[in-house]
Amino acid sequence: MNRPKVKSQGITLVPLVRRSRIQAYIMIYTPHILEEMYLGLEDNGYQFRGITKRFPLATRHFKTKLKNRYYWLYGFIILVLGTGAATNSLHFDYQGGSAYVITTFSWAVGLIGSLAAIFAGYSLVTSDQASGRIRLILKLPYTRWRYAFEKFLGEAFAVIAFTSLATVTGFAVSTALYGLPPVLPAIGILVVQAGNLLVWLSLAMAVSMVVKTGRRAVAVLMVLFLSTWVWEGVANSILRGIGEQSVAVRLFAYRLEPYRAYSVTVNWMLGLPNSDLMAPLLMEHVDPNGSIIIGPGIVSELVGDIPWFLSEWVSALVLILWETVPMLLAYRRFKTADIS
């Protein structure tokens, strides 16, 4: 039998049996309501109106990504991997402390963050071309350069923001277990992590400007990503073919690959020995006083005096070149391409 509803002053009073359902709905939808309120703060004057006005396409793109649950999932994965690896080192008897946490997050971003940047950027242009949206945008007072720049800028801010948020949250969580991480290395790692993300986002944007479909873009980018795993063998074959036997030159050739350049720069920021080994494994072979217990891949042990082209700053420069050159080269083709 249906229970009667009692009306008072135009308001329906719901029976107690159904109030629990309403409370459940409120608990479910409150986070979504708060998210919409946060994203709507621009109307109340809390946003940087100057930036919004100057880069409207980038701002709109960034706000769209804030609503995307996959980006929040990505940040959660980085948080879990970085924190989990810090509590379960490769050698279970190793206790790295607060500094070791920084290395595990750099490892997580180097692996998962690179893939995330690829999948975030592969469709930046191809999706607009497929939907015809790019033609509408370019009819507005937008040049192709401004369109490409703002698309890249909005995506870069989104990926870097979620990655940095996950990393800083991981540092806060680990502080309760190991103490506060070293401040300057932690800040340096955030900058280098952003540089690594920009490398793969730049490559993804470049491919998206050159190819016509998202499927082709993904195929090309996955080949590029997987080629980093075999680059050492390719470099050895090339050097043998030209008769180059120098160990220093061989190490330099290895470091032209983005991930190794990233690893060298991370180790540099942490004050670790000059090596392209990933930071967590390298730190496990260095005692707190800085003396090397076992030195896998450390340049000073392999070549003696370190030549200038194996300096850490050179690897940082290689990262910067990977961030800029691919997209600039791709734009030269994009600016004359037929998008009708």
Side-chain angles (χ1 to χ4, degrees), residues 78 81-83 85-86 89-91 94-114 163-164 167-168 170-171 174 178 181-200 228-229 231-232 235 247-323:
I78 292 294
L81 282 180
T83 307
S89 64
L90 296 177
H91 299 95
Y94 176 77
Q95 299 295 329
S98 59
Y100 186 74
V101 177
I102 302 177
T103 69
T104 59
F105 274 92
S106 69
W107 162 78
V109 173
L111 180 61
I112 304 300
S114 301
T163 305
S164 299
T167 303
V168 172
F171 291 167
S174 66
Y178 307 108
V183 176
L184 291 180
I187 296 174
I189 289 302
L190 290 174
V191 175
V192 178
Q193 286 181 173
N196 177 69
L197 295 171
L198 290 177
V199 166
W200 291 102
T228 62
W229 298 85
W231 170 245
E232 181 175 335
V247 174
V249 173
R250 188 171 72 248
L251 292 175
F252 174 70
Y254 297 164
R255 295 180 177 202
L256 295 177
E257 180 261 306
Y259 185 77
R260 294 206 182 214
Y262 169 68
S263 297
V264 173
T265 309
V266 166
N267 295 334
W268 185 28
M269 290 293 104
L270 293 172
L272 295 173
N274 189 335
S275 174
D276 58 17
L277 199 66
M278 62 180 183
L281 184 58
L282 181 62
M283 180 170 281
E284 293 183 14
H285 294 85
V286 179
D287 70 13
N289 296 322
S291 61
I292 300 169
I293 302 172
I294 304 174
I298 295 177
V299 173
S300 59
E301 294 190 355
L302 297 174
V303 299
D305 294 333
I306 301 176
W308 68 270
F309 53 84
L310 289 180
S311 300
E312 291 96 334
W313 66 266
V314 175
S315 293
L317 179 61
V318 169
L319 273 183
I320 295 174
L321 292 176
W322 276 110
E323 293 168 10

List the atom of [X], the atom of [Y], and the distance in Å for their closest heavy-atom pair.
X    : Y    : value
S311 : N274 : CA-ND2, 4.2 Å
R255 : L310 : NH1-O, 3.1 Å
F171 : A186 : CE1-CB, 3.8 Å
A279 : T103 : CB-CB, 3.7 Å
Y100 : A85  : CE2-O, 3.8 Å
I78  : G113 : CD1-N, 4.2 Å

Give the C-alpha distance, both sets of side-chain angles, the deciding distance and a yes or no for side chain to side chain contact (heavy atoms under 4.5 Å, CB included) between Y262 and S106.
-> CA-CA 9 Å; Y262 169 68; S106 69; 3.7 Å; yes
Sorted by chain and residue number, the side-chain hydrogen bond (donor to acceptor under 3.5 Å, both in side chains) partners of T167 (sequence neighbours excluded) come out as Q193
With sequence neighbours left out, the residues meeting side-chain hydrogen bond (donor to acceptor under 3.5 Å, both in side chains) with T265 are none
Passes side chain to side chain contact (heavy atoms under 4.5 Å, CB included), V192 versus V109? Steps please.
-> CA-CA 10 Å; V192 178; V109 173; over 6 Å; no
Got a donor-acceptor contact below 3.5 angstrom from the W322 side chain to the L256 backbone?
-> yes
Sub-3.5 Å donor-acceptor pair from the side chain of S315 to the main-chain atoms of A261, do we have one?
-> no
From [atom1] ([X]) to [atom2] ([Y]), nearest 0.5 Å:
X    : Y    : atom1 : atom2 : answer
I306 : E312 : CD1   : CD    : 6.5 Å
E232 : R260 : CD    : CZ    : 4.5 Å
I189 : L270 : CD1   : CG    : 4.0 Å
M283 : L277 : CE    : CG    : 12.0 Å
T163 : L197 : OG1   : CG    : 4.5 Å
D276 : F252 : CG    : CZ    : 13.0 Å

Does some side-chain heavy atom of [Y] sit less than 4.5 Å from a side-chain heavy atom of [X]?
X    : Y    : answer
S114 : N196 : yes
V266 : M269 : no
L251 : Y254 : yes

In terms of ring plane angle, is the pair W313 and W308 parallel, tilted or perpendicular, where the classes change at 30° and 60°?
-> parallel
